[in-house]
Protein chains: 2
Amino acid sequence: MINTSTKILDTAQELIQTRGYSAISFQLIADQVGIRKPSVIHHFPSKASLGVAVIARYRESFAIQMRSIKADPEKTAWDALEFYFSPYLAFAETPNKVCLCGALAGEVLALPEEMHSEVKDFMESHQKWLEDIFRTGRKNGEFQFDETPPRLSKTFFSALQGALLIKRSTGDLSQLKDVQKVIRRLLR
Amino acid sequence: MINTSTKILDTAQELIQTRGYSAISFQLIADQVGIRKPSVIHHFPSKASLGVAVIARYRESFAIQMRSIKADPEKTAWDALEFYFSPYLAFAETPNKVCLCGALAGEVLALPEEMHSEVKDFMESHQKWLEDIFRTGRKNGEFQFDETPPRLSKTFFSALQGALLIKRSTGDLSQLKDVQKVIRRLLR
DNA sequence: TACGATCTACCTATCAGTAGGTAGTTTTTT
DNA sequence: AAAAAACTACCTACTGATAGGTAGATCGTA
């Protein structure tokens, strides 16, 4: 039996990923969870606090996974890259899902102040992870590329985030798959 | 003296680009234009119809410019590419602006049905233009690349759209500039 | 005088959030 | 061990503000 706070966070995350933050409400979440609106507010006293909690949990779940793969000496840079790719593909294959922070990026100015730094930190840490993978892979001899790791990671992170959003608008899954193919080929 | 409908469209576009569609209202637009809410509704009888009109105009303004550059035999593929890059840089340099359709892509499921195909068509025609530029440039000998033009255009269009969104979240203008640098170098 | 643009006044639905309370569990005190 | 106090999770009923949208009067111009 999963607790109510977790159910609220799961539901809120799903709704933000599909509809955006501005378009969700306590009522919508309450209906989906099967409780009353004030009960949602009992767990998260404001919409902003719920928003912050959703991003914080999302960020942390990525951070845990990246820490574990970086700590494992068995894993190659290719392994790390493919591992990083996998949630993007999973989102793209779920109809209508994009990265939480990709969805939020479209409406930052309508977001409460407290959420801004959460989104910013998300973007920055993901680009750092990619940069690290590229640097390590080149040092190993696994990857070959001419660009600097920061430029490459910015480009590829932008492409992955963009591809998810475009895929959802066009319905064409190859948007993401082709981006991942191109990235792989550019590193060989 | 610019007419009221145009003022409403300008204001609505600006607000959607900065805050998203869900976060805008007739009242907000009316205040900004300096008229009353029912006067806005007189020109655009529903929020959906206003949304559609904003995207349609935005799409058309790009289409006109792309047609003119493709019709000009003086223009090289590099010219066309730099020309295509320019509005992205202009948006990025305006604090808090992203591509209209990039902003909308984050909240498609909260958008009225009529807007979906407008967003989809936007994405598809932009990728076709890029594909065409790449194909022509390679035939000319201006560009060198191994990938197929559709894959390359998907990747670079994704990267440009993503970069704008990420730039706005992080405040780092190099997000877009670096993406454009990487694209240029990969074509030589 | 006819018409489009604008206005005031209003509608219903929904928004985030509050007030106050009930039932059941846990913790503290006697 | 029993009673009292506090806490947790949820509820009904409400508030003031704002959402999209309507009805109908007035104004300015061709």
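Letters A, B, ... are given to chains in the order of the sequence lines, protein chains preceding strands, and every chain is numbered from 1. Since the model is a prediction, treat every value here as computed from it, not as a measurement.
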Quiz prompt | Segment of DNA chain C, first to last nucleotide, that comes within the 4.0 Å heavy-atom reach of chain A | solution = C:dC15 to C:dT18

Practice problem: Nearest 0.5 Å please: distance from the CD atom of A:Glu147 over to the OG1 atom of A:Thr155. | Solution: 7.0 Å

Quiz item: In whole angstrom, what separates B:Lys37's NZ from D:dA17's C1'?
Solution: 12 Å

Exercise. Check every strand shown and say whether A:Ile41 touches a base, only sugar-phosphate, or nothing at a heavy-atom separation below 4.0 Å.
Key: base

Quiz item: Mind checking whether B:Phe122 and B:Phe157 have parallel, tilted or perpendicular rings, split at 30° and 60°?
Solution: tilted

Quiz item: How about A:Gln17 and A:Gln13: does a side-chain donor come under 3.5 Å of a side-chain acceptor?
Solution: yes

Self-check item: From B:Leu176 atom CG to B:Leu160 atom CG, the distance as rounded to the nearest 0.5 Å
Solution: 6.5 Å

Quiz item: Looking just at side-chain N and O atoms, do B:Gln32 and B:Glu14 make a donor-acceptor pair shorter than 3.5 Å?
Solution: no

Quiz item: Atom NE2 of A:His42 and atom P of D:dC11: how far apart are they, to the nearest Å?
Solution: 11 Å

Exercise. Looking at every strand, decide which applies to B:Ile24 at a 4.0 Å heavy-atom threshold: base, sugar-phosphate, or nothing.
Key: sugar-phosphate

Quiz item: What is the per-nucleotide protein-contact pattern of nucleotides 24-30 of chain D, from the 5' end, where B denotes a base atom under 4.0 Å from a protein heavy atom, S denotes such proximity for sugar-phosphate atoms only, and - denotes neither?
Solution: -------

Quiz item: Which part of the nucleic acid, if any, lies within contact of B:Leu28, taking any heavy atom under 4.0 Å across all strands shown: a base, the sugar-phosphate backbone alone, or nothing?
Solution: nothing

Self-check item: Minimum heavy-atom distance between B:Ala30 and B:Arg36, given as atom pair plus value
Solution: CB-C, 3.7 Å

Exercise. Quick one: label B:Ser39 by what it contacts on the DNA or RNA (base, sugar-phosphate, nothing), any heavy atom closer than 4.0 Å.
Key: base

Quiz item: Rounded to the Å, how far apart are B:Arg19 CZ and D:dT18 C1'?
Solution: 14 Å

Practice problem: Using whole Å, report how far CD of B:Gln27 lies from P of D:dT22. | Solution: 16 Å

Quiz item: Do the ring planes of B:Trp78 and B:Phe143 sit parallel (below 30°), tilted (30 to 60°) or perpendicular (above 60°)?
Solution: perpendicular

Practice problem: Decide whether B:Glu124 and A:Thr170 meet the rule of one side-chain donor and one side-chain acceptor closer than 3.5 Å. | Solution: no

Exercise. Would you tell me whether A:Ser22 and A:Glu107 have side-chain atoms, one donor and one acceptor, within less than 3.5 Å of each other?
Key: yes

